[in-house]
Amino acid sequence: MVVVKIKDLPKEKFLLPGNTSCQGCPHALGLKSLGMALGDDVVLVVPAGCTTIIAGSKDKSSFKFPCLHVPFASAPAVATGLGSAFRRLGKKGIPVVWMGDGGSDIGFATLSGACVRKDDMIVIVSDNEAYMNTGIQTSGTTFWKARTTTSPTGKREEKKDLALIMLMHKADYVATASVGYLQDFIGKLRKASEIDGFRFIHLHSPCPPGWGFDSSETVEMARLAVKCGAWILWEFDGKFRISPMSKPYADKSKRAPLTEYLKKQRRFRHLSDEDIAEIERRIDEQWRVVLALEDVF
Amino acid sequence: MKKVLTGNYAVAEAVKMARTEFIAAYPITPQTTIVERLAEMVEKGELNADFVRVESEHSALAAVYGASAGGLRAFTATSSHGLLYMYEMCWWVANSRLPVVMALVTRTIGPPWNIHTDHTDLLTLRDSGWILAMSENAQEAFDLTLIGFKVAEQIDLPFAVGLDGFQVSHTAEVVDVPEQSEVDEFLPERRRNKPFVIEPRNPITVGGLTTNECTMILRREMNRDMEKVGDLVKNAGYVRDYDLVERYRLDDAEYVVIMMGAWCGDAKDAIDVLRDEGVQIGMLRLRFVRPFPAEEIAKLDCKKILVVERDCSVGKGGIIATEVKSVANSPVQSVMAGLGGVDVGVDDFVSMFRRFVKGELGEWWL
């Protein structure tokens with residue numbers, strides 16, 4: 001694990017002030033951290049999503065990163081081509097795909113292909129658990145029972161675990177992260193940048209308008225997800241480890257009450273006690289899987 | 001040097017001689033042997049390129065797009081369903097004005113599944129901003145691939161080289177291959193920062209949100225630049241001269257046939273038969289669909305024109321005929337034939353052209 005001290009972080013901004021992200025936007029926190037972690041080595045590849053808007057319009061750009069906007073389902077493949085150009089032309093830099101859970105749904109084959117080939121890139125899926133840019137529609141990572149505009153009574157299906165799927169693709173580096181723990185995210189980005197090949201970080205990004213909580217509470221919400229055990233921070237770099245922020249919550253008695261996390265969000269207001277008990281059962285199951293992976297890898 | 005090459009191997013040879021730096025493709029019949037040959041060339045060290053085995057055609061052109069945006073000379077190849085699967089990327093590449101070259105081995109679009117030639121797939125690119133060439137034989141497939149890189153990099157528009165599935169792609173012919181030194185002189189290294197380059201520490205943004213006017217200006221400029229392609233092709237400085245069209249026995253022709261692709265060889269034989277009978281008939285063969293050779297067609301001074309094409313815009317009919325009618329100064333008759341690879345041979349063309357001359361030709365179909 002790479003230890004990150006706030007006082008050592010660079011002051012240069014790569015996401016510029018005055019950008020068009022919503023108040024309390026988790027992507028903005030993530031993009032700022034990306035700049036602090038990897039600076040001008042980053043070349044962003046951005047498929048359609050909230051970040052298309054955040055990047056700015058007309059002749060104004062919010063990024064000090066070079067940025068190539070690409071079709072929704074294409075981003076990792078575009079990064080493959082860019083990485084080849086950097087290598088062949090002797091340019092030091094990292095293609096960084098920055099996409100949402102939408103991009104990882106529609107572009108899943110492409111994500112899989114780039115990972116299987118171990119193409120040189122870092123892919124960050126900033127996951128706000130629904131298609132937020134088009135107005136809060138259900139995605140593959142939307143929480144079970146969460147209300148969205150296309151599941152107005154609550155999603156009926158389980159969410160997919162993207163990071164574990166990428167782990168099973170034999171990616172060179174896989175981690176989960178959270179906008180509630182940006183030093184951990186920055187450390188993981190730096191660790192990823194020291195490894196060659198295909199690197200994947202699944203960033204948990206609570207969305208104030210999409211989930212229905214106050215825009216001042218993004219970080220608090222992200223931390224609650226970790227503290228109640230619903231989001232587990234881990235890292236694989238050849239060895240699988242549960243990250244220090246999540247480690248205490250392997251012990252269920254240490255976890256924050258799940259209702260505290262769920263009841264703060266409008267998308268979960270309709271949940272019954274039975275629903276909450278079922279979510280808790282699923283979280284326990286997830287922990288059993290992750291703890292077992294620590295033994296396996 | 002003369003070599004015996006199939007159309008697909010001729011394309012691969014041209015891609016190698018162009019010193020292409022990045023290739024990504026997904027197999028589809030009848031294109032597959034192009035990328036198989038290129039993979040072999042890369043593995044043997046005959047071609048210093050990155051060859052990426054992508055998981056789909058959409059990713060093939062996406063990877064080629066990234067490589068080209070990064071400054072590399074990049075190539076892909078596909079057919080029919082592969083083209084439709086990468087269709088979104090085709091437009092993205094065109095509007096980004098990147099000089100990508102693609103070989104398009106024409107094949108019927110299903111269902112029903114059908115691997116034989118039909119030009120409707122090529123024509124789906126008609127409005128996108130790609131330069132569209134259609135070769136008649138392996139020699140042209142070879143030459144147009146090299147000319148494609150040159151012209152694309154001059155005008156910043158992508159270039160598709162069409163060749164008929166099996167009839168050209170899998171048929172071995174003698175191809176006159178220039179020396180590598182001649183190709184190097186004709187096609188120098190790509191100017192890597194043109195039209196733009198995405199690279200570290202150069203914080204530009206490409207493809208993001210703009211004003212509506214920006215899109216309007218872009219498409220207008222693409223349309224204007226496409227009109228310059230004819231001159232660029234004519235003045236390319238290649239070892240053989242090329243033009244947007246081929247004129248076959250056209251000088252005194254009272255009857256003109258307009259066609260494109262491999263079957264033009266059979267149609268020319270039929271024209272020879274009618275010429276021997278004293279009929280003044282000739283052919284204007286379209287070597288390019290985009291830019292559309294409007295001037296060449298408008299200049300035709302003849303009694304009537306017959307457009308024979310293996311494509312169909314359902315609800316309107318022949319796509320090429322519709323376009324020819326918009327510029328021709330003589331009456332135009334349209335015939336759709338050979339759809340789905342239905343064989344049309346010399347005897348069929350003799351019969352078709354005789355009836356056309358006599359004014360007895362109706363629909364053809366089968």
Side-chain angles (χ1 to χ4, degrees), chain A residues 14 16 20 38-47 51-89 91-95 107-117 119 121, chain B residues 21-24 26 48-76 85-93 95-96 98 100 189-190 192-193 196-214:
Chain A
F14 285 84
L16 303 175
T20 50
L38 305 181
D40 57 11
D41 277 345
V42 172
V43 176
L44 274 186
V45 179
V46 176
T51 306
T52 310
I53 314 297
I54 298 170
S57 66
K58 301 180 190 172
D59 54 351
K60 301 278 198 295
S61 172
S62 308
F63 293 151
K64 213 185 281 180
F65 306 115
C67 177
L68 190 56
H69 291 274
V70 300
F72 210 0
S74 72
V78 174
T80 295
L82 271 179
S84 173
F86 300 165
R87 190 173 57 255
R88 292 185 70 92
L89 303 176
K91 295 171 181 172
K92 181 180 170 286
I94 308 170
F108 187 69
T110 308
L111 187 62
S112 170
C115 183
V116 166
R117 293 189 301 269
D119 287 342
M121 70 186 73
Chain B
E21 297 163 301
F22 187 90
I23 300 155
Y26 191 78
N48 176 17
D50 286 357
F51 184 96
V52 182
R53 286 165 282 271
V54 284
E55 70 291 342
S56 75
E57 287 87 357
H58 194 278
S59 288
L61 195 54
V64 160
Y65 170 73
S68 187
L72 300 182
R73 182 169 287 159
F75 172 83
T76 190
Y85 198 57
M86 68 162 64
Y87 196 55
E88 178 189 34
M89 285 310 306
C90 292
W91 287 70
W92 202 270
V93 164
N95 275 19
S96 302
L98 287 171
V100 165
E189 188 180 82
R190 183 181 162 200
R192 306 207 182 272
N193 59 350
F196 61 86
V197 65
I198 299 292
E199 58 188 350
R201 284 162 277 278
N202 177 15
I204 61 166
T205 295
V206 174
L209 292 165
T210 58
T211 60
N212 299 346
E213 288 75 10
C214 185

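The sequence lines fix the lettering, A, B, ..., with proteins before strands; numbering per chain opens at 1.
- Atom OG1 of B:Thr205 sits about 11.0 Å away from atom CG of A:Asp59, to the nearest 0.5 Å.
- The greatest number of non-hydrogen atom pairs below 4.5 Å with chain B, out of A:Gly93, A:Gly113, A:Pro66, is found for A:Pro66.
- Open room surrounds OH on B:Tyr85; 12 or fewer heavy atoms of other groups in view lie less than 6.0 Å from it.
- Summarising the geometry of A:Phe72 relative to B:Glu88, their closest heavy-atom pair is N-OE2, 4.3 Å, with the distance given to 0.1 Å.
- For A:Ile94, no part sits under 4.5 Å from any heavy atom of chain B, backbone or side chain.
- For the pair B:Glu199/A:Leu82, no side-chain contact is recorded, criterion being any heavy-atom separation below 4.5 Å from C-beta on.
- With contacts defined as side-chain heavy-atom distances shorter than 4.5 Å, the pair B:Val197/A:Lys91 qualifies.
- Within the 4.5 angstrom heavy-atom criterion, no atom of B:Glu213 approaches chain A.
- Taking all atoms of both residues into account, the shortest heavy-atom contact from B:Met89 to A:Ser74 is SD-CB, 3.7 Å.
- The nearest pair of heavy atoms linking A:Leu68 to B:Tyr65 is CD1-OH, 3.3 Å.
- The line from CG of B:Asn48 to CZ of A:Arg88 is 4.5 Å long, rounded to the nearest 0.5 Å.
- For B:Ser59, the parts sitting under 4.5 Å from any heavy atom of chain A are the backbone and the side chain alike.
- In this structure, the separation between CZ on A:Arg117 and CD on B:Glu55 is 5.0 Å, given to the nearest 0.5 Å.
- With a 4.5 Å cut-off on non-hydrogen atoms, A:Lys60 does not touch chain B at all.
- Only the side chain of A:Leu89 comes within less than 4.5 Å of a heavy atom in chain B; its backbone stays farther off.
- Ranked by non-hydrogen atom pairs under 4.5 Å with chain B, the options A:Ala85, A:Gly56, A:Cys67 are led by A:Cys67.
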From CA spacing to verdict: side chain to side chain contact (heavy atoms under 4.5 Å, CB included), B:Val52, A:Ser84: CA-CA 10 Å; B:Val52 182; A:Ser84 173; 5.9 Å; no
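- Interface residue B:Val206: backbone and side-chain heavy atoms are both found under 4.5 Å from chain A.
- In terms of heavy-atom pairs under 4.5 angstrom with chain A, the leader among B:Ser68, B:Ala49, B:Ala69, B:Ala60 is B:Ala49.
- Proximity to chain A is limited to the backbone of B:Asn202, based on heavy atoms less than 4.5 angstrom apart.
- Atom CG in B:Leu209 sits 6.5 Å away from atom OG1 in A:Thr52 (nearest 0.5 Å).
- Interatomic distance, A:Phe86 CZ to B:Ile198 CD1, rounded to the nearest 0.5 Å: 8.0 Å.
- Heavy atoms closer than 4.5 Å to chain B are found in both the backbone and the side chain of A:Ala73.
- Heavy atoms of A:Val70 lying under 4.5 Å from chain B belong to its backbone as well as its side chain.
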